[in-house]
Amino acid sequence: MQFHSKQISDAFIEASSFHKNDVEELHFYVKGIKGASFDAQVGQIRSGIQSYLEEKIFPTSSVNFVRLFTSDYANQDDKLRALSETLVTDFSGCAVSIVQQPPLEGRKLVAWVYAAKDERNGMVHKEVDRENGGFVCRRGDYVHIWNTQLKSANGNPDSACQTQEIFNNFGSFLGGKKLNVKDNCIRTWLFVKDIDFNYSGVVGARTAYFEGINMTKDTHFIASTGIDGRLADPNTNVIMDAYSLGGIRPDQVKHLEAPDHLNPTHEYGVTFERGTAVDFGDRRHIYISGTASIDNRGNVVHDGDVYRQVGRAFENITALLADAAAAPSDIAQMVVYLRDVNDAGTIEQYLDEVYPDIPRVTVLAPVCRPGWLIEIECVAIKDITKPEYGNF
C-alpha cells in the first residue's frame with residue numbers, strides 16, 4: 001500500500017493506492033478549504049477529483065463509487081443533486097452516495113472516491129440503474145455492484161417498515177442480476193435518522209429479513225455499519241448503501257472473528273459480521289464493520305473516555321485484520337464516527353500521532369449505543385497470490 005497526501009489547487013487530497021498485475025486501486029478523500037462557502041467547496045471537490053485523477057493517469061471511467069459527507073442536507077439538497085448528476089456524467093456512470101454526517105474538520109463537504117484502473121484492459125462494462133440506486137461494473141470474472149441511497153417509498157415513517165421495504169427491494173434488485181443477498185452482498189451501510197430512537201426498528205426488521213432468507217448465527221450475516229445519518233427528506237428515517245459481488249465462490253469469502261476481543265454480534269441482539277474478507281487471485285479485500293470500544297462479552301470499555309475508546313477500537317480492528325492475515329498498514333481508507341463534536345480535537349490528535357498516513361474523514365454521527373463515543377470502519381487491501389481464483 002502506498003499513501004499520498006497533497007494539495008491540488010484549492011483541494012486537499014489524502015489517498016492510498018494498491019498496484020499489482022497492472023491493476024491499480026485508488027481510495028482518496030477530497031477536502032476543500034476550511035471555512036469556505038458551501039458553493040465554493042462544491043467546486044473545490046469536483047475540480048479536486050478531476051485533477052487528482054489526471055495526475056494519477058486514471059481515466060474518468062475508472063471511478064466506481066463516491067460518497068459525499070455533508071453538513072446540512074436539507075439546505076444543500078438542490079446543489080448536492082446537481083453535483084451528483086455531474087459526477088455520474090463526468091465519470092461515465094458511477095455510484096454516488098450522499099449522507100448528512102457533518103465533517104468535523106471545519107468543512108461543509110468531503111468526498112470519498114474509489115477508482116480502479118486496469119492497464120491491460122481499460123474498457124469495462126458499466127451500467128447505471130437510477131431507479132434502484134444501482135451501479136454495475138463488469139470486469140473480468142466479477143460483477144461489482146454498488147447500491148446507494150436505498151430508501152422506502154411507502155410513506156410509513158416507522159423505521160422497521162422502512163428497513164423491511166429497503167431489504168425487500170434490494171433483494172429483488174439483486175435477483176434481477178441473478179444474484180442474491182445471502183451469497184453476494186459483501187457490505188452494507190445503514191444510515192438511521194435519530195439513531196437512539198429508530199435503531200431498534202432497523203435491527204428487528206433486518207433480523208426478520210435475514211431469517212426469511214435463511215441467514216442466521218449458524219450461517220453468516222453481512223459486514224455492516226449502522227450509524228446516525230440522514231437525507232434531506234424529513235420523512236426518511238433509514239437509508240442504505242450496499243456493495244455486492246458476483247462471480248465469486250463461497251470459499252473466496254471469510255467472515256472475520258477476534259474472540260479474544262469481540263463477541264459475536266448476535267449475543268447482544270444484532271445481526272452483522274464484524275468484518276468480511278474476499279480473496280481474489282492477486283489481492284484480498286477486507287471490509288471492517290463499524291467497530292467500537294467493546295470487549296468479548298459485549299460490554300462498553302472505557303466508559304466516558306474517548307481517548308481510551310479510540311485506542312480500544314483500533315485494538316479490536318487490528319485483531320479482526322489479523323484474522324485476515326492483514327495489519328493496519330494494509331488499511332486503504334477509514335471513516336471515524338463521533339458522537340460528540342467536542343471530542344474531535346482529541347481524536348484528530350490521536351490519529352495524527354498513531355495513524356498519520358491512512359486517508360480518513362472524521363464526521364459527527366452518533367453511534368448506535370450511547371456509551372460508544374466513537375466508532376471506526378475501514379477498507380484494507382492485502383497482497384496475496386491465489387491462482388485458483390480469478391484476479392481482481
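All values below come from the heavy atoms of this structure, side chains included, with hydrogens, waters and symmetry mates left out. Throughout, numbering of the chain's residues begins at 1 and tracks the sequence.
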Residues passing the side chain to side chain donor-acceptor pair (under 3.5 Å) test with S71, sequence neighbours excluded, are Q76
Between K108 and D72, is there a side-chain N and carboxylate O pair less than 4.0 Å apart?
-> no
Partners of D251 by side chain to side chain donor-acceptor pair (under 3.5 Å), sequence neighbours excluded?
-> R249, Y389
Test: E267 and R297 ion pair at under 4.0 Å | no
Considering only NZ, NE, NH1 and NH2 on the basic side and carboxylate oxygens on the acidic side, decide whether D383 and R283 come within less than 4.0 Å.
-> no
Side chain to side chain donor-acceptor pair (under 3.5 Å) partners for Y142, two or more places apart = Q252
More than 12 non-hydrogen atoms from neighbouring residues, nucleotides or ligands closer than 6.0 Å to NZ on K193, yes or no?
-> yes
F167: what forms a ring pair (Phe, Tyr, Trp, His ring centres under 6.0 Å) with it, not counting sequence neighbours?
-> Y209, F210
Which residues satisfy the side chain to side chain donor-acceptor pair (under 3.5 Å) test with D194, sequence neighbours excluded?
-> none
Answer yes or no for R360 and W112: cation-pi contact, defined as NZ/CZ to six-membered ring centre under 6.0 Å and angle to ring axis within 45°.
-> no
May I ask you to say whether K117 pairs ionically with E25, meaning some side-chain N is under 4.0 Å from a carboxylate O?
-> no
Salt bridge (Lys or Arg N to Asp or Glu O under 4.0 Å) with E14: which residues, sequence neighbours excluded?
-> K31
